[in-house]
Amino acid sequence: MSYTVSSVTKSENNKIYARQIAFVAAFILPTAKFLEAPSLLAKYAAGDLLLPTLLHFLLQAGILTALLIAASLSRSTISERISYAFGGFARIFYVLYAIYFLFSAILPLLDLEKFVYAAFFDTAPTTFGFALFFIVSAFLCCKDKNAIGRSADLCLFLFLIPFLALMVMSVSESDLTGLFPLFGEKFGDTMSAFTRTSPHFSDAVLLFPLIANLRYKKGDGAKILTGYGFGALFTLAFLAIFFGVYSSIAPREHYAFSKIAQYFPALSVVGRIDLIFIYLLTVVLIFYTCLPLQYTTHLLQKTFGIESKMIIAAVLNFGLYLFVLFCNKYYNSFYRVISGKLPFVFWLIADMLPLFCLLLPKNTQPPNAKTAVSSPRKKELQHVSKSRS
């Protein structure tokens with residue numbers, strides 16, 4: 001996974017830091033799991049919904065650890081090592097992941113569109129109401145990867161404050177006894193929930209392009225894994241309280257984070273102040289939904305050597321806008337195909353393929369590079385020695 005860098009100065013300006021990757025893992029990735037995943041997990045696993053979620057996080061943490069080990073094995077970045085190992089054939093790798101990220105954006109886009117229309121419009125929305133998202137997305141797609149890091153820094157506050165507020169407002173109305181006993185459902189139901197929600201939990205691959213461009217330093221791995229651990233804890237806590245609030249009717253409660261605090265007693269007096277926190281979390285959700293589209297834009301630019309990202313971003317987002325406009329009514333069909341028939345796509349490309357980074361060469365310099373660099377200096381010293389004699 002590589003981005004074109006034309007100079008040392010540009011490379012320095014486009015740095016991504018371990019802290020920012022940790023913030024992506026802690027504050028951006030969990031937000032997408034607060035929409036449809038809770039109702040789906042409750043539908044398939046009922047009170048055991050935390051078990052398939054925990055299995056997902058353990059799997060993704062293992063893949064993330066492997067990627068960080070691969071990054072730590074060399075002073076060169078993973079993207080530099082991929083380019084060195086495969087040369088011109090690395091473009092196949094870039095195209096494959098560009099297609100994957102575009103494919104993986106389908107459900108988040110349709111989820112976001114349905115959520116925005118359901119939560120923010122009291123009357124029937126206009127046909128072009130969702131077009132604003134694609135303008136924002138096209139703008140973000142034109143930015144370099146440091147824009148992702150800056151968004152992650154911003155989401156420290158955009159996520160943490162509203163998340164904690166919604167949890168505090170919801171916990172008093174939550175009955176956690178519905179989560180017990182553990183393993184109360186059939187094992188087959190737990191595994192069905194695990195399989196059906198795979199598209200919502202393929203996290204490591206969303207950090208892959210960032211880690212691939214990280215010049216690893218000691219302690220970076222601990223920071224990123226800690227961030228991912230916090231993201232997992234946030235998600236598990238949210239799911240527990242959500243199921244505690246809704247229990248047996250949880251499978252019918254879509255767009256969970258917009259509803260979780262609606263029974264807070266003070267709302268009947270002061271009004272829907274929870275909407276303020278929902279709006280803030282929606283901003284984070286927009287950053288999440290744009291993330292695979294940003295990756296797709298950068299990878300297509302790298303593959304085809306296009307000078308400006310603007311053309312790619314414009315074509316990509318206009319095409320996706322038309323897709324959402326005309327295909328949103330087929331959401332259920334898309335979900336059944338992607339989650340029911342194509343989980344292996346996520347397991348293979350998102351989970352298994354990144355593990356091959358462990359096999360990449362550690363050195364990106366030819367064996368005789370050191371000699372070649374030092375030989376002019378050696379000749380200069382020999383010349384000085386002869387002059388003195």
Donor-acceptor pair, [X] side chain versus [Y] backbone, under 3.5 Å?
| X | Y | result |
| --- | --- | --- |
| S39 | E36 | yes |
| S137 | F134 | no |
| Y228 | A26 | no |
| H254 | K114 | no |
| S192 | G188 | no |
| S174 | S170 | no |
| S258 | Y255 | yes |
| S198 | F194 | yes |
| D189 | E185 | no |

Checking Y44 now: which residues fulfil ring-ring contact (aromatic ring centres under 6.0 Å, His included) with it, not counting sequence neighbours?
none

Exercise: identify the closest heavy-atom pair between [X] and [Y]:
| X | Y | result |
| --- | --- | --- |
| L67 | C357 | CD2-SG, 4.3 Å |
| L158 | P162 | O-CG, 2.8 Å |
| F159 | V284 | N-CG2, 4.0 Å |

Carboxylate-amine/guanidinium contact R215 E80, below 4.0 Å
yes

Using a strict 4.0 Å threshold on nitrogen-to-oxygen distance, state whether K33 and D203 make a salt bridge.
yes

I21 and I148: side chain to side chain contact (heavy atoms under 4.5 Å, CB included), yes or no, with the steps?
CA-CA 9 Å; I21 300 176; I148 298 174; over 6 Å; no

What about the rings of [X] and [Y], do their centers lie closer together than 6.0 Å?
| X | Y | result |
| --- | --- | --- |
| Y97 | Y295 | no |
| F86 | Y94 | no |
| F133 | F130 | yes |
| F34 | F115 | no |

With hydrophobic residues grouped by side-chain heavy-atom distances under 4.5 Å, do V95 and I92 end up in a single group?
no

Go through T77 and R81 one step at a time and tell me if the side chain to side chain contact (heavy atoms under 4.5 Å, CB included) criterion holds.
CA-CA 6 Å; T77 65; R81 292 155 65 193; over 6 Å; no

Could you check whether atom CZ of F318 has more than 12 heavy atoms from other residues, nucleotides or ligands sitting under 6.0 Å from it?
no

With a sphere of 6.0 Å drawn around CZ of R272, does it hold more than 12 non-hydrogen atoms of other residues, nucleotides or ligands?
yes

Test salt bridge (charged side-chain N to carboxylate O under 4.0 Å, His left out) on D144 and K309 and set out the steps.
CA-CA 9 Å; D144 291 312; K309 298 188 189 78; 2.7 Å; yes

Could you list the residues that satisfy side chain to side chain donor-acceptor pair (under 3.5 Å) with D153, not counting sequence neighbours?
R19, Q20

Among F157, F234, F27, F257, which residue satisfies the ring-ring contact (aromatic ring centres under 6.0 Å, His included) criterion with F163?
F234

H200 vs Y335 aromatic rings, parallel, tilted or perpendicular, using cut-offs 30° and 60°?
tilted

Intermediate values then yes/no, side chain to side chain contact (heavy atoms under 4.5 Å, CB included), Y216 and I211
CA-CA 8 Å; Y216 190 91; I211 295 172; over 6 Å; no

Decide side chain to side chain donor-acceptor pair (under 3.5 Å) for D111 and Y331; before the verdict, give the C-alpha distance in whole Å, the side-chain angles of both, and the deciding distance to 0.1 Å.
CA-CA 8 Å; D111 282 338; Y331 175 85; 2.5 Å; yes

